[in-house]
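Below: the structure, in structure tokens.
What you see below is based on every heavy atom in this structure, not just the backbone, and it leaves out hydrogens, waters and symmetry mates. Naming: A, B, ... by sequence-line order, numbering from 1 per chain.
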Amino acid sequence: MEPLIRHEGLVAVLDRVNVDTDQIIPKQFLKRVARSGFGQFLFYDWRYTPEGEPDPSFVLNHPRYAGASILLARDNFGCGSSREHAVWALEDYGFRVIIAPSFADIFYNNCFKNGLLPITLSPDEVDELFRRAAREGYRLTVDLREQTVEDGDGFVARFEVDPERRMRLLEGLDDIGVTLQHEAAIAAYERDRKAVYQNVFR
Amino acid sequence: MSGHRPRTMFEKIWDQHLVVETDTQCLLYIDLHLVHEVTSPQAFENLRLSGRRVRRPELTFATMDHNVPTDNPFDVRDPIARTQIQTLADNCRTFGIELADLESPDQGIVHIIGPELGLTLPGKTIVCGDSHTSTHGAFGALAFGIGTSEVEHVLATQCLWQTRPKTLKVEITGTRRPGVTAKDVILGLIARYGVGFGTGYVMEYAGEVVRGMTMEERMTLCNMSIEAGARAGLVAPDETTFEYLRGRRFAPKGADFERCVAEWRAIVSDEGAVYDKMVVFDVTDLEPQVTWGTNPGMSVNVSGTVPDPASFDNPVQRRAAEQALAYMGLEPGTKITEIPVQHVFIGSCTNARIEDLRQAARVVRGRRVAPGVRALVVPGSKRVKEQAEREGLRDIFVAAGFEWREPGCSMCLAMNPDFVPPGERCASTSNRNFEGRQGRGARTHLVSPMMAAAAAIAGHFIDVRELLRDDDTERGAEHGTAHSA
Ligand code: SF4
């Protein structure tokens, strides 16, 4: 996993609540057995017309957002299906940070497994960012060590993030590797459980 | 053990599965890992690349459901779907995992076969790369959906890092009127409190209404916990649970079973246990529900009308309602019963168990599907299908003009050839009415199996209780007994 420490980038806005993972990556693209190459299908049904042409009314098709790496979104972003393909698509498209007032649980988890940083800010702060992002070329700097988001023009917000997840993201650590360091504890647990639950615990 | 402090059932299960605890994260042991073809290939691939094995293949069980065709499952015409199905079979063979493949009598939707086979048991931790894993909470198991990286993590370590969720008690009180199913209860609950009200919580459903529910109904309730944002749903195990499990293939047998029952009885919240949040939901005035929008919280009573976005105070909600109505092609103020349907789908892990099919069949018996309506019944598993055929349900559906299909997810997410064409409407017993869920431009209305059956007969939404009342009157006349409505 690529570490994320400090990130500076162009902000794209998606002004909708409850954006679900079916929207982020429609199911017809879930049949692939690889992890890469999902960016081209991100928000497919919004991004393209039924004829397959880019839909000019969809924000990510506006030239001003070309190259955006920070997505500003609304409440309950990433709800619905557990498909990690949603995160793979956002990442592959070029996003490294998503800012919203709230995220759906599984999506939030999936982000951290892939080096995408979901940042929860207060509804007021997010409203303020939406106002500021109306300006073309609006950029933000996210500092994971300091846990801050700022635009160099007066907006500064601090965000909370679980310390362990932060550390893993800062160092680009693989979860499985971390867990396997606890092998002795896992083995001991299995021995104890088996003694008590030999019937259920096959 | 934490002494005499009263604990919720969630805390009891959680504490028992703690392997390592850091300041903010817990490494939880996973008792059962269910696997399907769509969210697992990348996980197995990474295992192979990193030279790791599956730690406990015997605690892992796989099936194929999401993209199997339901007309002829052996004729997978989509080459990419075929690759995925084949890849799962190969991975299961390589890593020694039991698989209910397309030929197996156990095959079906992952959340239907887990309980059916007795793999789902009270007190277990259960995960699957699918958000509706919450279904298994109906048995008093802590069950939740995970992403593909986590699937890989569980395969490799049989454990999962989790932050401790908060607890939310949902007490369901009052008396359900006839025709009001578990589906209506959960849709009504989400409509009341919103699609995000469970985020960060594990919900425990309690109260007399839940105690009176069958296992099938409890599964429907827990299934849709995720639509309220909750990580998991829970119902305390009781006699209904134990009766359901007795004799199932993987459930303990004989004296072992009785010993387990004694342990399972303890998986209930203690008197005085503290929850982070509590709500009480009275269902006495609840009617059968129909969704009008593009998330499961956008539902109303069948006697109601499509709401006016202007009636929402919150500007963000107002815009969401406007966008939903534009997508759904509906005008504010339209009576729900005036909305026509072209498709009816009875299926999915929410409502494709035997009891769901029985209820739908009760409505359909002796009637015909309205002209211009395409209606599908897709049983949730091979076993459900066989039982329905034995009970004569298949004949009732087929005689009425329904298509009778092979088990799979089918039109719930339309990854196989079953989908709804753009702009057309579907009364669906599934769990998600998101834009494009049942096909690009498809308009989904979530309902109970009885309401879906009634819509198939009428060609538009209709209060199923009207049909049931007609039946009662007829039967009353036959038996010469008076019936009050
Ligand atoms: S039936 Fe639908 S919700 Fe259930 S597992 Fe299949 S696709 Fe998911």
Side-chain angles (χ1 to χ4, degrees), chain A residues 15-18 20-23 26-28 30-35 44-46 50 74-76 79-88 102-107 109-110 112-114 162-165 174-176 178-180 182-183 185-186 188-190 193 196-202, chain B residues 19-20 22-25 27 29 31 38-39 41-42 45 50 52 58-59 67 78 80-81 83-84 87 121 124 129-131 145-150 152-153 156-159 161 163 195-196 199-200 229 231 252 256 259-260 295 316-317 320 323 413-415 422 432 434-437 440-441:
Chain A
D15 194 4
R16 292 176 82 120
V17 285
N18 303 321
D20 57 74
T21 52
D22 276 76
Q23 247 51 70
K27 69 241 157 196
Q28 62 268 36
L30 305 187
K31 289 175 188 161
R32 305 159 60 91
V33 292
R35 241 176 221 260
Y44 192 85
D45 288 350
W46 287 341
R74 293 285 187 188
D75 258 316
N76 204 24
C79 61
S81 151
S82 63
R83 58 187 72 161
E84 196 160 317
H85 313 68
V87 174
W88 301 337
S102 63
F103 292 91
D105 225 44
I106 302 176
F107 176 84
N109 273 328
N110 287 341
F112 284 99
K113 314 285 178 204
N114 294 279
D162 176 87
E164 221 126 332
R165 284 182 163 149
D174 155 28
D175 263 12
I176 296 180
V178 173
T179 307
L180 290 176
H182 296 287
E183 170 58 34
I186 301 172
Y189 180 90
E190 286 178 327
R193 265 311 277 303
V196 183
Y197 280 92
Q198 71 274 42
N199 308 309
V200 183
F201 191 68
R202 293 195 282 156
Chain B
V19 178
V20 174
T22 70
D23 288 346
T24 57
Q25 296 265 313
L27 188 65
Y29 200 82
D31 296 334
V38 176
T39 54
Q42 292 88 352
E45 180 60 17
S50 50
R52 289 172 177 141
E58 74 280 20
L59 300 184
N67 56 28
D78 177 347
I80 312 177
T83 306
Q84 233 172 31
T87 304
L121 296 174
K124 277 192 178 182
D130 187 280
S131 58
I146 56 178
T148 299
S149 296
E150 292 176 313
E152 181 191 347
H153 191 279
T157 68
Q158 203 57 35
C159 293
W161 289 102
T163 49
V195 287
T199 304
R231 196 174 306 175
D256 286 344
R259 216 176 27 246
C260 285
N295 74 49
V316 179
Q317 299 294 347
Q323 279 161 351
L413 91 165
M415 264 185 82
R432 282 183 180 145
F434 297 155
E435 286 185 19
R437 174 79 177 182
R440 188 172 187 151

Using heavy-atom distances under 4.5 Å, tell me whether B/Val20 contacts chain A through its side chain, its backbone, both, or neither. side chain
Closest-packed option against chain B by number of heavy-atom pairs under 4.5 Å, given A/Asp15, A/Val178, A/Thr21: A/Asp15
Which residues pass the salt bridge (Lys or Arg N to Asp or Glu O under 4.0 Å) test with A/Asp105, sequence neighbours left out? B/Arg231
Kindly compute the distance separating CG (A/Asn18) from CG (B/Asn295), expressed to the nearest 0.5 Å. 5.0 Å
Measure distances from B/Ile146 to the heavy atoms of chain A and classify the residue's part below 4.5 Å as side chain, backbone, both or neither. backbone
Part of B/Thr87 lying under 4.5 Å from any heavy atom of chain A: side chain
Approximate separation, where rounding is to 0.5 Å, of A/Asp20 CG and B/Arg437 CZ: 8.5 Å
Where does A/Leu30 contact chain B at under 4.5 Å (heavy atoms): side chain, backbone, both or neither? both
Measure distances from B/Thr199 to the heavy atoms of chain A and classify the residue's part below 4.5 Å as side chain, backbone, both or neither. side chain
From CD1 (A/Ile176) to SG (B/Cys159), nearest 0.5 Å: 11.5 Å
Looking at A/Lys113 and B/Glu152, is there a salt bridge between them, counting it only when a charged N and a carboxylate O are closer than 4.0 Å? no
So what's closer than 4.5 Å to chain A heavy atoms on B/Thr163: side chain, backbone, both or neither? side chain
Test of understanding: with ring-ring contact (aromatic ring centres under 6.0 Å, His included), list the residues that count as partners of B/Phe434, not counting sequence neighbours. none
Under 4.5 Å to a heavy atom of chain B? For A/Ala185 that would be both
